[in-house]
Amino acid sequence: MPLTREQSVSVAVPAARRRRPRRSSVRHGQASCADYGCARAEYRQAALRARRQRDQDRLRGLSARVPPHAAARWAVRLREWGMSAQDIADRAGLSVTLVRRVLRTPADGQTVRDIARTSADAILGIPLPHRRTPSALGAPGLTDSTEASWLLADLARAGWPATTLAQHLVINARTIAEVRDKRPRLRLDLALRIRRLHRDLISLNPADYGIHPTDIARTRAAATRRTTATAA
């Protein structure tokens with residue numbers, strides 16, 4: 001009896017590779033995490049597609065690894081348009097550690113470590129964000145996160161969930177948490193967008209804009225716990 005597609009993906013993963021090394025940079029959700037026994041069908045299928053692509057590249061005489069410079073230039077441009085390393089990693093299906101390493105790539109001509117062709121293609125395939133405000137165009141560089149952190153915490157106390165704020169800012173919800181809780185600096189254009197968002201939302205009732213009362217209560221409770229922990 002022929003194997004189903006689910007079974008064929010499982011067979012394609014060698015049993016010896018199903019245990020992820022302790023220091024592996026592979027994260028759940030990446031195609032390569034299926035090589036370590038991830039049971040989610042979509043990731044196992046993604047791993048099979050990636051292996052097929054590598055086989056096709058090999059037949060075409062293409063190297064499996066390439067210099068990171070082109071991907072680095074595009075990643076820097078994406079960051080200039082307001083995407084964080086985590087945003088790029090999520091869109092590309094890569095680990096944020098790899099994206100940060102690519103962003104630190106020195107100029108052409110210097111010796112650097114190659115990256116997988118599939119990783120470079122994933123970064124190069126990310127489109128520029130749809131929105132970029134005029135004021136952000138003239139606001140390059142980094143700034144202290146103190147004000148932005150306070151503004152995001154204030155919105156949380158008002159009941160606005162991080163997922164909703166992330167949608168308004170066109171960033172990842174984890175970036176909201178990082179800026180609010182532990183990131184010491186952030187891009188100036190993002191700081192300006194957070195300032196405008198606080199001005200627009202702080203006087204509004206989240207429930208009037210489709211936020212479920214349970215989510216509002218949960219967000220306010222979490223904000224109170226963070227405030228209490230900080231004060232202690």
Side-chain angles (χ1 to χ4, degrees), residues 12-14 17 20-36 38 42-132 136-137 139-143 145 166 169-175 178-179 182-190:
V13 180
R17 297 181 62 196
R20 187 173 68 184
R22 179 177 296 180
R23 296 183 62 83
S24 171
S25 62
V26 173
R27 295 294 180 265
H28 184 68
Q30 297 174 244
S32 52
C33 78
D35 293 339
Y36 297 115
C38 178
E42 61 267 34
Y43 301 145
R44 292 157 62 188
Q45 292 164 10
L48 182 58
R49 288 194 299 271
R51 282 193 288 276
R52 286 173 176 167
Q53 183 63 52
R54 289 195 294 271
D55 290 341
Q56 292 174 4
D57 290 344
R58 193 177 300 111
L59 291 174
R60 293 162 57 196
L62 298 176
S63 173
R65 300 186 69 81
V66 297
H69 298 102
R73 287 191 293 269
W74 187 246
V76 168
R77 190 174 181 195
L78 291 170
R79 189 174 60 181
E80 289 172 348
W81 278 68
M83 294 183 70
S84 67
Q86 185 66 64
D87 297 329
I88 297 171
D90 290 339
R91 291 293 298 274
L94 305 172
S95 72
V96 70
T97 303
L98 173 60
V99 172
R100 286 172 179 156
R101 177 162 66 84
V102 169
L103 285 166
R104 293 194 299 268
T105 300
D108 289 332
Q110 299 189 36
T111 302
V112 294
R113 187 166 36 157
D114 290 347
I115 61 174
R117 178 182 294 278
T118 51
S119 298
D121 290 344
I123 294 173
L124 291 169
I126 300 175
L128 291 174
H130 293 298
R131 293 190 294 172
R132 190 184 189 195
L137 290 170
L142 299 174
T143 186
S145 67
L169 294 168
V170 197
I171 59 175
N172 190 278
R174 279 175 288 189
T175 303
E178 288 180 5
V179 172
K182 61 182 180 180
R183 183 179 294 185
R185 294 171 68 79
L186 75 162
R187 294 197 64 81
L188 183 54
D189 64 306
L190 178 56

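- What you find for Ile123 and Ala75 is that their closest heavy atoms are CG2-CB, 4.1 Å.
- Here Ile88 contributes atom CD1 and Arg79 contributes atom CZ; the two are 7.5 Å apart, rounded to the nearest 0.5 Å.
- The nearest pair of heavy atoms linking Pro127 to Arg91 is CD-NH2, 3.5 Å.
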* Take Ile115 and Arg101, measure what side chain to side chain contact (heavy atoms under 4.5 Å, CB included) needs, and give me the verdict at the end. => CA-CA 10 Å; Ile115 61 174; Arg101 177 162 66 84; 4.0 Å; yes
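- Taking each heavy atom of Ala92 and Ala122 in turn, the nearest pair found is O-CB, 3.6 Å.
- Pro68 has its side chain out of reach of Arg113: every pair of non-hydrogen atoms, C-beta onward, lies at least 4.5 Å apart.
- Between Val102 and Ala72, the shortest heavy-atom distance links the atoms O-CB, 3.3 Å.
- Residues Glu178 and Leu186 form no side-chain contact, since every pair of their non-hydrogen atoms from C-beta on lies 4.5 Å or further apart.
- Considering every non-hydrogen atom in both Ala85 and Val99, the closest pair reads O-CG1, 3.7 Å.
- In this structure a side-chain-to-backbone donor-acceptor pair under 3.5 Å is present from Asp87 to Asn172.
- For Leu190 against Thr175, the heavy-atom pair with the smallest separation is CD2-CG2, 4.4 Å.
- Taking 4.5 Å as the limit, some side-chain heavy atom of Val112 sits within range of a side-chain heavy atom of Pro106.
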